[in-house]
Amino acid sequence: MDGIPNTILEAMAVGTPVVATRLSGIPEVVLPETTGLLVEPGDVDGLAAALARLLADADLACRLGAAGRALVVERFDLARNVEKLAGLFERTAA
């Protein structure tokens, strides 16, 4: 089982609206109608519809892109995560 693909996180980090499938850890970051659009694996028609929807609705694409970027900045900031990890080590060692 894979986690969250880096390509999805990288796309979100630069504000690209994401359409992905409900596999592995993807639903942890691609939150339907909030940070992206999700389709079922193998659902070619659903994928096409989701992409067409983004192309037809620039406001939706912008909103999803901005929310995706905010989520990545909040959850995947290196300095913040190092600080949290250091705190865990300090508490464990104490």
#### Entry: Sole candidate of Thr35, Thr7, Val73 that passes side-chain contact (heavy atoms from CB on, under 4.5 Å) when paired with Met12
Thr35
#### Entry: Closest non-hydrogen atom pair between Val30 and Ala20, with its separation
CG2-CB, 4.4 Å
### Message
When you compare the side chain of Leu64 with that of Leu54, does any pair of heavy atoms fall below 4.5 Å?
### Response
yes
### Message
For residues Val72 and Ile26: do they belong to one hydrophobic cluster (side chain heavy atoms under 4.5 Å, members Ile, Leu, Val, Met, Phe, Trp, Tyr)?
### Response
yes
### Query
Is Val18 reachable from Phe76 through a run of hydrophobic residues whose side-chain heavy atoms are each under 4.5 Å from the next?
yes
### Message
How close do Ser24 and Gly3 get, counting heavy atoms only, and between which atoms?
### Response
CB-O, 3.4 Å
### Query
Within a strict 4.5 Å, meaning less than it, do heavy atoms of the Leu71 and Thr34 side chains meet?
no
### Query
Any donor-acceptor pair under 3.5 Å linking the side chain of Arg69 with the backbone of Val14?
no
### Nearest-0.5 Å distance that lies between atom CD1 in Ile4 and atom CZ in Arg75
7.5 Å
### Query
When rounded to the nearest 0.5 angstrom, what distance separates CG in Asp77 from CD in Glu83?
9.5 Å
### Task
Using atom types as modelled and distance alone, determine if a side-chain donor or acceptor of Arg80 lies under 3.5 Å from a backbone N or O of Glu74.
yes
### Task
Please examine the side chains of Pro17 and Arg53, heavy atoms only from C-beta on, and report whether any two atoms are closer than 4.5 Å.
no
### Summary
For Leu31 and Glu28 the tightest heavy-atom approach is CD2-O, 3.8 Å
### Message
Nearest 0.5 angstrom please: Leu47 CG to Leu38 CG, how far?
### Response
11.5 Å
### Query
Under 4.5 Å between side-chain heavy atoms, hopping through other hydrophobics if needed: is there a path connecting Val19 to Leu23?
no
